[in-house]
Amino acid sequence: MSLNIEKQMKAQLSDDILNALKLCSQTAAEHDFKIYLIGGIVRDLLLKRKSIDIDVTVEGDAVKFCHLLVEKNYCKILQVQSELKTAKAVFDGDVEIDFASTRQEFYPHRGHLPVVVKIGCSLQEDVYRRDFTINSLAMSLNKQDYGNVIDYVGGIKDLNNKKIRVLHDNSFNEDPSRILRALKFAARFNFHRDAHTKALQEKYITTQRHKDISWTRIKSELKQCFSLNSAKVYDMFLVNENYKLIYGRNPEIKGLEIKTLVDKYNPYYVWLVYLGTILNDANIIEQFCFTRSEKKIFSDIEYLMNNHLSMMNSNYDIYKFFAKRTTESIIVYYLLTQRKEALKYLENLSLIRVELNGDEIKAMGIQNGREIGEILDEILKKKLNGTITKKSEEIEFVKSKIK
Ligand code: ATP
Ligand code: MG
């Protein structure tokens, strides 16, 4: 007998979501479509956890199905991808649902994005393109068996045993980003990879990995993993030798040390602090197509690591070394070198500013730009060593120079 989770749905999903799904169900019945909840949401219902997004798969053409919903005024379409025949729609109460047509995929080049070989295949054929058994469960939204879980690959058993299992032996070769997805789900649910999946992953990382892959998915999964600001994710990343996947270093740092610094100094790009301790291969950095400000973090790390002096004698030396560098890169530099000057800069020195500006000094009677620059620098030195603390003292100092 199959497992029915309609009760669980009612307990866990909002009335707006339940209503939207009922409207989909009615429409499917009227027009002879078969539709299913699929992937994460079914897994999360079974785990009694809140889901991030609602995915519905349509056996057939999901865009056509969405247009039927729109004709009845049940929803508005937000976007359509016509090659894949997927659509995103919004229902009353701001309920967004992603509709996908069932599809079969094929990986002509291992590690590259797949090509679609068939759209509108059976649910069973669709399920086999997925990553793990726990993400391959479907739940019927069809009138005759509404709420029944459809499990072609043993996902329910793996959920009960807290196991992450791939669907076939070629899974990581097809798409190595699944290694990072496994890490994400293991950390999120406190699950473990089953022994065979673990062996396949180790085999991929040690003997089969290569650089000619699509890095977009890897980047996206790394971002998701490290944005969690989780010490555990980082520790597992190193223990499982996932750093080899991105041709990075093992810095032998504890995740907790990174998390403590991230929580204290609040960098904007949390994930790049974690990644910055690992990723140091210029070719891969290039492949990640970082934005300009993301790139700066990596060039700053490189600068700090290559230019640091064995001694930084004065606060002024420390200030000058770190002043134009991103917070993320300074944290990474500290983690990699344990140089306390980095923390002194973040904690104290970075807050010190000369309050007078060039125009004010000019108004006091110094016209030469180079001279003004030198005076500002001298004031900075004095502020950094504590001999000047207030603006009035800065003014006194400039006056003494004029005399
Ligand atoms: P989350 O709760 O983080 O959204 P999810 O399981 O819903 O987890 P998504 O990234 O939203 O994950 O993807 C939706 C579904 O698509 C997954 O459940 C899985 O079945 C499938 N999927 C996603 N990424 C891959 C991949 N790289 N390889 C194979 N199947 C994938
Ligand atoms: Mg999802």
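Order of appearance sets the numbers: ligands from 1, and atoms from 1 within every ligand. One-based numbering along the sequence shown.
- Not a single heavy atom of Glu221 lies less than 4.0 angstrom from ligand 1.
- Using a cut-off of 2.8 Å, one finds that Asp55 contributes no N/O/S atom close to the Mg ion (ligand 2).
- With a heavy-atom cut-off of 4.0 Å, Lys50 does not touch ligand 1 at all.
- Where the criterion is an N or O separation shorter than 3.5 Å, residue side chain and backbone included, Ser136 fails it with respect to ligand 1.
- Contacts between Asp53 and ligand 1, counted as non-hydrogen atom pairs separated by less than 4.0 Å, involve the side chain only.
- Summary of contacts: the protein heavy atom closest to atom 21 (C) of ligand 1 is Arg130 NH1, 3.6 Å.
- Between Phe132 and Phe185, the ring-plane angle classifies as perpendicular under the 30° and 60° cut-offs.
- Less than 4.0 angstrom separates some heavy atom of Ile52 from each of these atoms of ligand 1: 1 (P), 2 (O), 3 (O).
- Backbone and side-chain nitrogen or oxygen atoms of Arg178 are examined, and one is located within less than 3.5 angstrom of a nitrogen or oxygen of ligand 1.
- Here Phe237 and Tyr274 keep their ring centres 6.0 angstrom or further from each other.
- With ligand atoms numbered from 1 in the order given, ligand 1 contributes 6 (O), 8 (O) to contacts under 4.0 Å with heavy atoms of Phe185.
- Taking only nitrogen or oxygen atoms, main chain and side chain alike, Asn135 reaches within less than 3.5 Å of ligand 1.
- Both the backbone and the side chain of Asp131 come within 4.0 Å of ligand 1, judged by heavy-atom distances.
- Side-chain contact annotation: Thr102 with Asp126, donor-acceptor N/O pair under 3.5 Å absent.
- One finds the OG atom of Ser177 at 14.0 Å from the NZ atom of Lys219 (value rounded to the nearest 0.5 Å).
- Distance check: Phe33 CZ to Leu68 CG gives 5.5 Å after rounding to the nearest 0.5 Å.
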